[in-house]
Peer 1: 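Have a look at the structure that comes next, please.
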Amino acid sequence: MRTTDFHLVTRKETPQDAEIISHQLMIRTGMIRKLGAGLYTWAPLGLRVLQKVEQIIREEMNASGALEMLMPAVQPKELWEETGRIEDFGGQLLAIHDRAQRDYFFGPTHEEVITDFVRNEINSYKQLPINFYQIQTKFRDEIRPRFGVMRSREFIMKDAYSFHLTQDSLAVTYQKMHQAYTNIINRIGLEFRCVLADSGAIGGSGSQEFHVIADSGEDAIMYSDTGDYAANLEKCEAVSLLNERAAPTAALQKVATPEQKTIEAVASFLQVDKTSTVKTLLVEGTEQPVALVLRGDHTLNEVKAGNLAVVASPLRMLNEAEIKATAGCDAGSIGVKDLHCLIVVDQTVANMSDFVCGANEEGHHYTGVNWDRDATYDLVKDIRDAQVGEPSPDGVGTLQMARGIEVGHIFQLGNKYSKAMNAVVLNEQGKSQAMEMGCYGMGVTRMVAAAIEQNHDDKGIIWPANIAPFSVAILPMNYQKSQRVKQAADQLYAELTALGIEVILDDRKVRPGFMMSDFELLGIPHQVIIGDRALDNDEVEYRHRVDMQSQNISRDTIKSFLSGQIKA
RNA sequence: CGGGGUAUAGCGCAGCCUGGUAGCGCAACUGCUUUGGGAGCAGUGGGUCGGGAGUUCGAAUCUCUCUACCCCGACCA
């Protein structure tokens, strides 16, 4: 490709509304342009990258035995009524209607469509297991789209759905998908981590997320420094930090703590460590208000709390008036003694003794509080965030934290959808049985942004070799005037192209500095600079985008040199 | 959805307070010079000032209203 035949529009200045580096660089290179909130056009340059990611995904999915198909983006509302997920998805669903006023949704996901397809196509256990996938545009009306294609409303996702007679069969395919995802991200060339995950609104039993490691990642992932354990912070088990409860040594005492409303303030006012205090949070329950009790220095894990049967989902903290009605005081003085609601304590809290808590009375706290003697609780649950430095839940090593960008999520769904939609097969006994189901998503557009987040410097993008829009950039100095530069550049271009290498030759009439800066921004891995200076010695100059060290290479060997570099 | 903000040329912005018929930088186009790190000079094109209504002799500017977009929060396979 010659730049004059291509569409190359770069910008020197960082766009105003782009917060994260990948968004900035995608705009500056001209890969994408914004059409509206969370809506992006992929220009030819961006599409080249997107299609490479797509192709790697396709090849690995095919290799795993999955079968590609394509489902409609627009889905009849009736299908969603069958599974009752309209409520779950709520405002994220883009509702549309046709000229006859029939209701549709623009698909945010395709469990309903595939299950409908399968219940009509698959009747016998002999047709199982089977794994269908598609690469399709989806739309989720995010409350707040941001970060360019990282969290856009319209996006491309690869989604796969597998169907099985038994859970064992499901587990086998799930493992295959785990392997396929590992292969995909390795081939794309990104550093990633697979972690245990909460299955959220989509339901099901086991699930794992694949995260590309990047400081700008929206998710916190916890992992053992010496073991294999890794989990999303949402899911990461927080062990009890106290093995057993010590016997009470202090007497219960009510103390005045005027104006001390936070754990920080109370601990410093009473001259105690935050670890000897507890905090009590009131949330909406399924039947009555629920108190969630944590050690003072711990933070509530809203996902874990929201998953408790006694807590309303989604989790909602009580407002000021409700707190007053339940505890008789404001939020700064709630405590567990004489608190009349359902009390759920964290595992660590259950083993605390001689602790400090609010007195359910404005400006007062208790010290020397002890369970059983002074207060009781109803349930012990893991409801806090795990913290860096505490023991890994599997007992191997201690926990560390990293930021990650979720690019893939695999689930063992079980029969939630197949039962709801009556997707059954006859088993060997001739009995009707709901199929077991798995689903496996991977964000294609997001993967491109994640790749940039992980691979850039202050000059621009540094594309991993397998997804770079072009492998080699030929940058001729003074192409317009110097006949031998033009001749050398054209010749190399023709030769590399003949070898099947994707080359871009910059034949624009621009100054050298401009050209070089442009290609640093674009991040093409291999750059060949052709100028009169080196041609005097029958050489050209080579630079790799990663280190930008230049070396002169003779014109005779540059072809084989590049071939070697590209294969390596 | 709650709070805050913005909307003027492709991009980034000034002008608005104090009403008088729109400007700067970058980009684009033409010419000349320059040619190994985002060139210089000269010139050119491009704007229903987000939409609608109102006040006024006159509105980018004042008032009302609608819309879009951005930020923070909550939300989030």
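For the numbers below, each heavy atom of this structure counts, side chains included, while hydrogens, waters and symmetry mates do not.
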Peer 1: Rounded to the nearest 0.5 Å, how far does OG1 of A/Thr109 lie from CE of A/Met157?
Peer 2: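 So the CE of A/Met157 and the OG1 of A/Thr109 are separated by 7.5 Å.
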Peer 1: How close do A/His409 and A/Ser207 get, heavy atom to heavy atom, and via which atoms?
Peer 2: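 Minimum heavy-atom contact is NE2-OG, 3.0 Å.
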Peer 1: Hey, does A/Met515 reach any base, or is it just sugar-phosphate, or nothing, if we go heavy atoms under 4.0 Å?
Peer 2: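 Since no nucleic acid heavy atom lies under 4.0 Å of A/Met515, the category is nothing.
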Peer 1: Show the nearest heavy-atom pair for residues A/Glu112 and A/Met421, with the distance to one decimal.
Peer 2: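 Heavy atoms only, the tightest pair is O-CE, 3.3 Å.
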Peer 1: B/C70 C1' sits how many Å from A/Arg151 CZ, rounded?
Peer 2: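 It is 17 Å, rounded to the nearest whole Å.
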Peer 1: Could you pull out all residues at least two apart from A/Asp116 that satisfy side chain to side chain donor-acceptor pair (under 3.5 Å)?
Peer 2: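 A/Arg119.
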Peer 1: Please give, in whole Å, the distance from B/A74 C1' to A/Glu302 CD?
Peer 2: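 Taking atom C1' of B/A74 as the reference, CD of A/Glu302 is at 9 Å.
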Peer 1: Can you pull the salt bridge (Lys or Arg N to Asp or Glu O under 4.0 Å) pairs that have at least one residue in residues 475-487 of chain A, sequence neighbours excluded?
Peer 2: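 Residue pairs passing salt bridge (Lys or Arg N to Asp or Glu O under 4.0 Å), neighbours aside: A/Arg484-A/Asp532, A/Arg484-A/Asp536, A/Lys486-A/Asp490.
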Peer 1: Which pair of non-hydrogen atoms, one from A/Asp507 and one from A/Tyr479, has the smallest distance, and what is that distance?
Peer 2: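 Heavy-atom minimum between the residues: CB-CE2, 3.6 Å.
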Peer 1: Counting only heavy atoms and a strict 4.0 angstrom limit, can you tell me which residues of residues 531-547 of chain A come near RNA chain B?
Peer 2: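 The answer is A/Gly531, A/Arg533, A/Glu541, A/Arg543.
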Peer 1: Within this structure, what is the CG-to-C1' distance between A/Leu315 and B/C75, rounded to whole angstrom?
Peer 2: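 A/Leu315 atom CG is separated from B/C75 atom C1' by 12 Å.
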Peer 1: Taking atom P of B/C76 as reference, at what distance in whole Å does atom NE2 of A/His211 sit?
Peer 2: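 Distance, rounded to whole Å: 16 Å.
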Peer 1: Return each pair, listed once, that meets salt bridge (Lys or Arg N to Asp or Glu O under 4.0 Å) where at least one residue sits in residues 6-31 of chain A; pairs must be two or more places apart or across chains.
Peer 2: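 The answer is A/Asp17-A/Lys34.
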Peer 1: Expressed as a whole number of Å, how far does the P atom of B/U21 sit from that of B/C49?
Peer 2: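 Those two atoms are separated by 15 Å.
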Peer 1: Taking the C1' atom of each, how far is B/G31 from B/G37, in whole Å?
Peer 2: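 To the nearest whole Å, 26 Å.
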Peer 1: Is there any protein nitrogen or oxygen under 3.5 Å from a nitrogen or oxygen in nucleotides 44-52 of chain B, and what are the pairs?
Peer 2:
none

Peer 1: Can you establish whether the number of heavy atoms outside A/Lys261 located under 6.0 Å from its atom NZ is more than 12?
Peer 2: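 It does: A/Lys261 NZ has more than 12 such atoms within range.
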Peer 1: Pick the P atom in B/C76 and in B/G4, then give their distance to the nearest Å.
Peer 2: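 Between the two P atoms, the distance is 24 Å.
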Peer 1: Tabulate atom names and distances for all N/O pairs under 3.5 angstrom spanning the protein and nucleotides 6-13 of chain B.
Peer 2:
{"from": "B/C13", "atom 1": "OP1", "to": "A/Gln16", "atom 2": "NE2", "distance (Å)": "3.3"}

Peer 1: Does anything in residues 516-525 of chain A come within less than 4.0 Å of RNA chain B? Heavy atoms only, and list the residues if so.
Peer 2: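 Listed by number, they are A/Met516, A/Ser517, A/Asp518, A/Glu520.
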Peer 1: If we take the C1' atom in both B/U30 and B/G45, what is their distance in whole Å?
Peer 2: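 So the two C1' atoms sit 10 Å from each other.
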Peer 1: Measuring only the P atom in each nucleotide, how far is B/U35 from B/C26? A whole number of Å is fine.
Peer 2: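 Nearest-Å result for B/U35 against B/C26 at atom P: 22 Å.
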Peer 1: Identify, between A/Asp159 and A/Lys34, the residue whose nearest nucleotide on RNA chain B lies closer to the 5' end.
Peer 2: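 That would be A/Lys34.
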Peer 1: Contacts to RNA chain B from residues 19-27 of chain A, heavy-atom cutoff under 4.0 Å, which residues?
Peer 2: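 Nucleic-acid contacts, sorted: A/Glu19.
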Peer 1: Under 3.5 Å between N/O atoms: give me all the protein pairs with nucleotides 28-35 of chain B, atom names plus distance.
Peer 2:
{"from": "B/U34", "atom 1": "O2", "to": "A/Arg511", "atom 2": "NH1", "distance (Å)": "2.5"}
{"from": "B/U35", "atom 1": "O4", "to": "A/Lys481", "atom 2": "NZ", "distance (Å)": "3.0"}

Peer 1: For A/Lys138 and A/Thr10, take the nucleotide of RNA chain B holding the closest heavy atom to each; which residue's nucleotide lies nearer the 5' end?
Peer 2: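 The residue whose closest nucleotide sits nearer the 5' end is A/Thr10.
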Peer 1: Roughly how far, to the nearest 0.5 Å, is CZ of A/Arg543 from CD of A/Glu520?
Peer 2: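 Here the interatomic distance stands at 6.0 Å.
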Peer 1: What is the distance, to the nearest angstrom, from the CG atom on A/Leu8 to the C1' atom on B/A27?
Peer 2: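 Result: 14 Å.
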Peer 1: Could you identify the nucleotide paired to B/A42, looking across every strand shown and requiring Watson-Crick or G-U wobble geometry with both distances under 3.5 Å?
Peer 2: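 When the pairing criteria are applied, B/U30 turns out to be the nucleotide that pairs with B/A42.
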Peer 1: Can you measure A/Leu475 atom CG to B/G38 atom P for me and round it to whole angstrom units?
Peer 2: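 My rounded result for the distance is 15 Å.
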Peer 1: Suppose we screen for side chain to side chain donor-acceptor pair (under 3.5 Å). Which residues come up paired with A/His7, at least two apart in sequence or across chains?
Peer 2: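 By the side chain to side chain donor-acceptor pair (under 3.5 Å) rule, A/His7 matches no residue at all.
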Peer 1: Can you check the A/Leu35 CG to B/A68 P distance for me, whole Å?
Peer 2: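 To the nearest whole Å, that distance equals 14 Å.
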Peer 1: The criterion is side-chain contact (heavy atoms from CB on, under 4.5 Å); which residues satisfy it with A/Ala95, sequence neighbours excluded?
Peer 2: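 So A/Ala95 forms a side-chain contact (heavy atoms from CB on, under 4.5 Å) with A/Phe105.
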Peer 1: For B/G25 versus B/G46, give the span between their C1' atoms, rounded off to a whole number of Å.
Peer 2: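 Straight-line distance between the two C1' atoms is 16 Å.
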Peer 1: With rounding to the closest Å, how many angstrom separate the P atoms on B/A27 and B/C66?
Peer 2: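 Result for the P pair: 41 Å, nearest Å.
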Peer 1: Name the nucleic acid region contacted by A/Arg316, choosing base, sugar-phosphate or nothing; use a 4.0 angstrom heavy-atom cut-off, strictly under.
Peer 2: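 Nothing: the residue A/Arg316, judged by heavy atoms under 4.0 Å, touches no strand.
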Peer 1: If I take atom CG in residue A/Leu39 and atom P in nucleotide B/A68, what distance separates them, rounded to the nearest angstrom?
Peer 2: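 Rounded to whole Å, this separation is 12 Å.
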Peer 1: For residues 436-453 of chain A, which side-chain N or O atoms pair as donor and acceptor with protein atoms under 3.5 Å away, sequence neighbours left out?
Peer 2:
{"from": "A/Tyr440", "atom 1": "OH", "to": "A/Ser162", "atom 2": "OG", "distance (Å)": "2.7"}
{"from": "A/Thr445", "atom 1": "OG1", "to": "A/Ile156", "atom 2": "N", "distance (Å)": "3.2"}
{"from": "A/Arg446", "atom 1": "NE", "to": "A/Met150", "atom 2": "O", "distance (Å)": "3.0"}
{"from": "A/Arg446", "atom 1": "NH1", "to": "A/Glu406", "atom 2": "O", "distance (Å)": "2.8"}
{"from": "A/Arg446", "atom 1": "NH2", "to": "A/Met150", "atom 2": "O", "distance (Å)": "3.1"}
{"from": "A/Glu453", "atom 1": "OE1", "to": "A/Ser216", "atom 2": "OG", "distance (Å)": "2.5"}
{"from": "A/Glu453", "atom 1": "OE2", "to": "A/Ser22", "atom 2": "N", "distance (Å)": "2.8"}
{"from": "A/Glu453", "atom 1": "OE2", "to": "A/Ser22", "atom 2": "OG", "distance (Å)": "2.7"}

Peer 1: Between B/A14 and B/U6, how many Å separate the two C1' atoms, rounded to a whole number?
Peer 2: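 About 15 Å, rounded to a whole number of Å.
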